[in-house]
Amino acid sequence: MSSSSQSKLIVRMLGPDDESAFLSAVSDWEGEDLAWLTFDWDPTMSHEQHLKILSDHHHGINLPSDFVASTMLYGFVGDKIIGRVHVRHTLNDNLLKRGGHMGYAVSPRFRGHGYGLSLAKAGLEFLTKNLKVKDVLITCDEKNNPSIKIIEALGAKLENTVPDAKGVPTRRYWL
């Protein structure tokens, strides 16, 4: 991807005017696990309801028992959502094993253009500058080579590989 195209990426929270972009992004994930785009949306809710849930999670309000405060940031190129980065403000026991401080995903049609690394950099910046997190944990499945490359490109150091709750080997990196 050229640097001029990359400079058009804006990473931010969803707003009231982003409903059509979000719904278009949902259709981009058809046939894939929609949790890679969103954890909280379902087709029966209004955009305002979705934004309220995202805001509550950002402020640590009305969280499910096993959740921590988190911020969902979406990557926009023009009016298209190309992916997202989910930033966890703190870690609980589950996130220490798998999940870490952030997870990112790129829409299938936008993969292979450097957006994953850009989203991960934006998540790292949010954690270190906005939330003042000093030690950032990022994890990924041992077989997820694209994510391993992104995490290592950030300068993260592999601490260890541990099985998650389902026995899947999970690489744990610190920055």
Side-chain angles (χ1 to χ4, degrees), residues 6-26 28-29 32-42 45-107 110-111 114-140 144 146-147 150-151 153-156 170 172-175:
Q6 195 66 30
S7 65
K8 295 178 186 174
L9 177 68
I10 307 286
V11 181
R12 62 175 175 80
M13 295 188 339
L14 287 180
D17 297 330
D18 296 326
E19 183 174 14
S20 63
F22 181 80
L23 293 175
S24 178
V26 166
D28 284 345
W29 286 86
E32 303 252 344
D33 183 355
L34 195 54
W36 286 108
L37 176 68
T38 177
F39 304 118
D40 305 303
W41 176 85
D42 77 62
M45 67 175 49
S46 70
H47 186 63
E48 292 75 23
Q49 289 170 316
H50 184 211
L51 292 178
K52 171 79 167 99
I53 291 169
L54 292 173
S55 176
D56 282 357
H57 287 194
H58 175 73
H59 292 99
I61 300 168
N62 298 322
L63 297 174
S65 62
D66 56 342
F67 277 46
V68 299
S70 62
T71 302
M72 184 69 86
L73 302 168
Y74 286 92
F76 287 80
V77 174
D79 63 352
K80 302 280 185 228
I81 293 176
I82 57 90
R84 60 90 174 152
V85 58
H86 184 238
V87 177
R88 275 76 73 167
H89 301 189
T90 59
L91 299 176
N92 59 22
D93 289 340
N94 291 333
L95 292 171
L96 272 167
K97 284 189 176 177
R98 182 172 182 88
H101 281 100
M102 70 173 166
Y104 43 85
V106 177
S107 172
F110 293 105
R111 291 178 185 155
Y115 290 124
L117 180 57
S118 294
L119 288 167
K121 285 179 179 178
L124 182 60
E125 182 176 338
F126 188 89
L127 282 160
T128 58
K129 291 187 178 175
N130 294 39
L131 301 176
K132 309 296 185 211
V133 174
K134 292 184 188 336
D135 297 311
V136 175
L137 174 66
I138 309 173
T139 72
C140 71
N144 187 341
S147 196
I150 288 168
I151 295 167
L154 292 173
T170 301
R172 299 176 68 252
Y173 291 88
W174 290 93
L175 280 159

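All of these numbers come straight from a predicted model, not from anything done at the bench. When reading the values below, keep in mind they use all heavy atoms of this one structure, side chains included, and skip hydrogens, waters and symmetry mates.
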Taking the side chain as every heavy atom from C-beta outward, state whether [X] and [Y] have any pair of such atoms under 4.5 Å apart.
X    : Y    : result
F126 : M102 : no
F76  : K8   : no
K80  : F110 : yes
V11  : Y115 : no
L51  : M13  : no

Rounded at 0.5 Å granularity, tell me how far [atom1] in [X] sits from [atom2] in [Y].
X    : Y    : atom1 : atom2 : result
S107 : E32  : OG    : CD    : 8.0 Å
C140 : I150 : SG    : CD1   : 9.5 Å
L34  : D28  : CG    : CG    : 11.0 Å
R111 : I82  : CZ    : CD1   : 11.0 Å
D93  : D66  : CG    : CG    : 11.5 Å
L96  : T139 : CG    : OG1   : 10.0 Å

On a heavy-atom basis, which atom in [X] and which in [Y] lie closest, and how many Å separate them?
X    : Y    : result
A105 : W29  : CB-CH2, 4.0 Å
K97  : T170 : O-CG2, 3.7 Å
D40  : T38  : N-OG1, 3.3 Å
D135 : V133 : O-CG1, 3.4 Å
Y104 : G116 : CD1-O, 4.3 Å
G123 : V85  : CA-CG2, 3.9 Å

* Asked: Strictly under 6.0 Å, is that where the ring centroids of F39 and H57 end up?
  ->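 Judged by ring-centre distance (under 6.0 Å), F39 and H57 do not meet the cut-off.
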* Asked: Step by step, would you call D56 with K52 a salt bridge (Lys or Arg N to Asp or Glu O under 4.0 Å)?
  -> CA-CA 6 Å; D56 282 357; K52 171 79 167 99; 2.7 Å; yes
* **Chi angles and distances behind the side-chain contact (heavy atoms from CB on, under 4.5 Å) call for V87, L124** => CA-CA 8 Å; V87 177; L124 182 60; over 6 Å; no
* Asked: Could you walk me through whether R12 and D18 pass the side-chain contact (heavy atoms from CB on, under 4.5 Å) check?
  -> CA-CA 11 Å; R12 62 175 175 80; D18 296 326; 2.6 Å; yes
* Asked: By ring pair (Phe, Tyr, Trp, His ring centres under 6.0 Å), which residues pair with H101, not counting sequence neighbours?
  ->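 Scan of H101 (ring pair (Phe, Tyr, Trp, His ring centres under 6.0 Å), adjacent residues dropped) gives none.
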* Go through L137 and L95 one step at a time and tell me if the side-chain contact (heavy atoms from CB on, under 4.5 Å) criterion holds. => CA-CA 9 Å; L137 174 66; L95 292 171; over 6 Å; no
Could you go through residues 68-75 and list every donor-acceptor pair under 3.5 Å that involves a side-chain atom there, pairing it with any protein atom two or more places apart or in another chain?
from, atom 1, to, atom 2, distance (Å)
S70, OG, H86, NE2, 3.1
T71, OG1, H58, ND1, 2.5
T71, OG1, H89, NE2, 2.7
Y74, OH, L37, O, 3.0

* Give the intermediate values and the outcome of side-chain contact (heavy atoms from CB on, under 4.5 Å) for residues I81 and L14. => CA-CA 10 Å; I81 293 176; L14 287 180; 3.9 Å; yes
